[in-house]
Amino acid sequence: MAKYIAATILAVVAGLSGCGDATNDGNLAMVPASLSVRDQRVAYSGAPPVIPHVRQSGKCIVCHNESGSKVPGIGSGLAPANPHVQTPGMSDQSRCRQCHVFAQSSDTFRDNAFVGLKLPPHGERAFAGAPPVMPHPMFMHENCQACHAGEAARPEIRCTHSERTRCLQCHLQPSGSDAPNLADVK
Amino acid sequence: MSVNRRDFMTQLGVTAGASAMLSCTPGSTPTAVSRAEMDGLTWSKAPCRFCGTGCGVEVGVEDGKVRAVRGDEASPVNRGLLCVKGYHLPAILYGKDRLTSPLRRKEGGRGWEKISWDDALNLVAVKFQETLDSDGPEAVSMYGSGQWTVFDGYAATKWFRGGLKSNNLEPNARLCMASAVMGFMTQFQSDEPMGCYEDFEAGDDFIMWGNNMAEMHPVLFSRILENQRKNPGVRIFDIATRWTDTSEYADAFLQIQPGSDLALANGILHLIMENGAVDEAFVNENVVFKRGIEDLDQIGYGCYGEQAEHYKFKDEPAASSLEELETFLADYTPAKVSELTGLSEGQIRMLGDVYGDRGRGTVSLWCMGVNQHVRGTWMNNLINDLHLITGKISRPGNNPLSLTGQPSACGTAREVGTLSNRLPADMLVTVPEHRAKAEEIWGLEPGTIPEKPGYHTVDLFRALARGDVKTMWIQVTNPWVSLPNLTRFERKPGDGRFIVVSDIYPTPTTEIADLILPSAAWVEREGVFGNTERRTQQWNKAVEPPGEAREDAWQIMEVAKRMGMGHLFDYSEENWHEEMFEEYRRFGLGVGKDLASYDQLKETRGMRWPVVDGKETLYRYAAGYDPYVKKEAGVHFYKAKTFGEKAAFWMRPYQPPAEVPDEEYPFWLSTGRVLEHWHTGSMTRRVKELHQAVPAAYVEVNRADADRLQVETGMPVRLISRRGSVTLPALVDGRGQPPIGSLFVPFFDEAKLANVLTLDAMDCISKEPDYKKCAVRLEKA
Ligand code: SF4
């Protein structure tokens, strides 16, 4: 319990000191464009994105390594880091294309009316300036830095303080995400 | 340990400083951050709709629509992971061309007219009754699916055998799992694997027999890879006729000639004997030796002529011995097996050492390569034999683990027993006591259930083409894409037959139907599936089906009622699923096929039978695991009554495939699936991401053949077999790479039908056709 209290006090202090996420006014303007790009690549929030670049030789994890890398000439020139390196049960040689697929065509076979859950813009805050709660489950995204730090991170979710690597110290996870608490699952 | 928001705020409240800060933000304090509040969805559990792995998913619903799924972290099957098909489950429900009302073919055959459910159900009842009256119960039929829920399959088998007094009921699982069924039945006298998914962590060596597991059971393959990452000594051996994604991760890629797996397995047995690796204590205590009919002329392949139309074969076990086995195997020397398989003697000896090494756990894994095989039952027998003779069976990390293709091939086709000769819980229509037990549970007059097995699938469709079968009801499957040698079964409405098709989308099968019934899919209804590892999984209805779509079991029960057979389905309206399941459960109780109670299934992420006293069984026949084994240690094959409660080791020779390449048709053709599509693609092709990933079928060509024939990727080529031809683009250096002289075509594409090329040759015992071996010619189109 003592540990919790210490952590929560820290969390509040961090929130008050203005050290939240990067969703400040300057970056908000970029949210729609950036999110719409993400939206096009996932069927719904939580779905694995399709691969936006053409097939390359070699293993995906060479460029999509733990910290991401520069890949001049391919897509945006930045390969986002692999967010799954710490996912339990997923080995580092796991098959990326088991979930992420290349698009080989842009047509559809038949029309589909599916509307996926939209991506959350950012997490709720307890009060203005408080550190936002994680708006997505932790599972498969244990490496926060993969999406929230570095040049490949989308501006609206890029963290201003990625050097403070203990993210969970201030940003809470939703319940039932790391240790399944399935009380709300019927 | 995680902290949720409520805990967080409570903890804040106990610190004076913090509570002062909190007071600055009245009214803005969120309560718990449950998943539901995080995203506004209501979440429930279900198994994945697609493969036999049976991954658990959480289904997120908003405004009556599925908006998202997540891999269920609480599911012991997949522990939160899914494959790309599973992640794209929600969209399979929302294709704009969903069938939403019953459709009757218009007079004259052109076009469809909407009719009411009442008219549709009456029409089905009338047609079945007419056929019964004119041609008897052998002229009506139902063709279902390993994707049927337990409820659908149970309603079908009860209606057919108990109501119509016909055994002409088959699932498409005949095309998929029948050889594995016959393997287990002929050796253990009880169907389904003794092992379970814990074998993926417990095993040391994983032997793939013609099994592209990386694409077909991806999440299970991930479990092996994870084991290998943690334990670098873990090895994967890929015995295959073509390089696949699985080969890429294998420690050894062992490319064999099509059909020579029989020789290889015998060669390994030969080496086990030669190396003194037989576990004699185990064999003496637990194994009997059998020999069946081996005369090729007597067995044949069941495709053409006399033999095809009147295909009868009964394998009689003759007693044999370990000594006779030695003589039987004498021929299968590494040199001879090397000649037949194309492997080096060293590679064959390596496999002999793998199976013979008592210090390492060995798991054999197979699926369609072994099952869709003109000697599929034999090949299943041989794999089981390898584990019996080395005692590597019914122990953690040591098992022959047959992988099931469909989500409920085990639950519905095998356990409920929707094959034409089966009753629930391993029982057969040919055994008087079994019929009597079914009649007792179903409350029927003794003698109601006919003892003659119905047509097996290929024969059923041949009988339909001949006109011996007049009325057929097809549910949850698409035979006019998936049957082998499709042109043989062509059908035109107005030919005096009546075909009803229940489905969720228009398919080539609905196209030839006389009546189409719109079905509810997956979480649009309550259901139960049974997966590969004997796990029974229940789910609740999460959303309403579109329009007037209704679940398949309901459709069957409504027709039965209209035919005066309502007494078969005397359940309450509100709770019929549970009542039906509990009735079905009576078949398995006390005989080693005990299913969990419906209540327990609702509460859990599935339970592996036998479930006794609420506890599931990881390893069947194993002391300490299986409650039916009373011994202190070791195994007890208690189901194999006529073998003295021992398992049968069958000697099975090598025989060549039904059709081999020659001058006119110089290429081998194999057909199969791809990761992104489910079977005939009627669901997955309607999902944008999956369709765009693999938009159309193609033919994989080896680089050397492509160069010789001046063919490049994307270039249209024509494949011609003795039965038909199809034009499709070539793929060179693609994901899968067949060796020189071999081709591969996926069968999901209804516009480029692989099955006009395939041969409807079958395994003599399981009656499962061989989709993996026929001869074709390739021409530039
Ligand atoms: S298709 Fe099979 S492996 Fe993929 S998510 Fe579904 S059950 Fe799991």
Side-chain angles (χ1 to χ4, degrees), chain A residues 1 4-5 7-9 11-12 16 43-48 50 87-95 97-117 120 124 126-128 133 135-137 139-140 172-180 182 184-186, chain B residues 2-5 8 11-12 14-15 17-18 21 24-25 28-30 32-36 38-39 41 43-45 58 60 65 67-68 70 73-74 79-81 83-84 87-88 90-91 94-97 214 218 222 225-226 228-229 245 540 675-676 685-689 691-695:
Chain A
M1 182 55 99
Y4 277 167
I5 294 168
T8 49
I9 292 172
V12 172
L16 288 182
Y44 55 88
S45 174
V50 297
T87 302
M90 272 185 88
S91 73
D92 49 11
Q93 59 159 347
S94 264
R95 294 172 24 76
R97 286 191 296 110
Q98 184 169 305
C99 303
H100 302 281
V101 293
F102 288 97
Q104 313 227 37
S105 104
S106 54
D107 69 344
T108 48
F109 175 68
R110 301 283 186 268
D111 287 345
N112 195 305
F114 171 64
V115 183
L117 173 68
E124 281 178 65
F127 48 87
V133 167
H136 60 76
F139 183 69
M140 304 207 54
L172 296 176
Q173 329 173 35
S175 67
S177 54
D178 64 338
L182 292 153
D184 55 342
V185 172
K186 281 160 212 94
Chain B
S2 70
V3 186
N4 71 22
R5 180 73 74 91
F8 169 50
Q11 286 150 17
L12 278 183
V14 298
T15 60
M21 284 184 259
C24 306
T25 56
S28 68
T29 311
V33 189
S34 70
R35 224 174 339 207
M38 176 175 75
D39 47 35
L41 305 191
W43 294 89
S44 60
K45 61 148 187 161
E58 292 176 67
K65 299 258 193 254
R67 302 283 311 278
R70 294 191 54 215
E73 288 170 70
R79 304 160 182 174
L81 299 185
C83 79
V84 69
Y87 280 117
H88 290 93
Y94 302 110
K96 284 196 177 162
D97 56 344
S222 292
L225 291 183
E226 180 67 6
Q228 194 172 44
R229 186 180 67 84
D245 271 6
N540 289 334
L675 165 70
E676 292 84 349
R685 297 188 89 198
R686 284 172 170 83
V687 177
K688 186 184 80 181
E689 290 78 6
H691 169 73
Q692 293 183 347
V694 189

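To find a chain, count down the sequence lines: A is the first, B the second, and so on, and within it residues start at 1.
One N or O on the side chain of B:Arg67 and one on the backbone of A:Val115 form a donor-acceptor pair closer than 3.5 Å.
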**Q.** Verdict with supporting geometry, B:Leu225 and A:Arg95, side-chain contact (heavy atoms from CB on, under 4.5 Å)
**A.** CA-CA 9 Å; B:Leu225 291 183; A:Arg95 294 172 24 76; 4.2 Å; yes
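Using a 4.5 Å cut-off between heavy atoms, A:Val50 touches chain B through its side chain atoms alone. The contact between B:Pro695 and chain A is made entirely by side chain atoms (from C-beta outward), counting heavy-atom distances below 4.5 Å. Only the backbone of B:Arg79 comes within less than 4.5 Å of a heavy atom in chain A; its side chain stays farther off.
Per-residue counts of heavy-atom pairs under 4.5 Å with chain A were compared for B:Gly95, B:Cys83, B:Ala91; the largest is that of B:Ala91. No other option in A:Ser106, A:Gly46, A:Ala47 has as many heavy-atom pairs under 4.5 Å with chain B as A:Ser106.
Among the candidates A:Asn112, A:Asp107, A:Thr108, the single residue satisfying the side-chain hydrogen bond (donor to acceptor under 3.5 Å, both in side chains) test with B:His691 is A:Asp107.
Taken to the nearest 0.5 Å, the CD atom of B:Glu226 stands 10.0 Å off from the OG1 atom of A:Thr87.
Between A:Phe114 and B:Tyr94, the ring planes lie parallel to each other; the angle is under 30°, not in the 30° to 60° tilted range.
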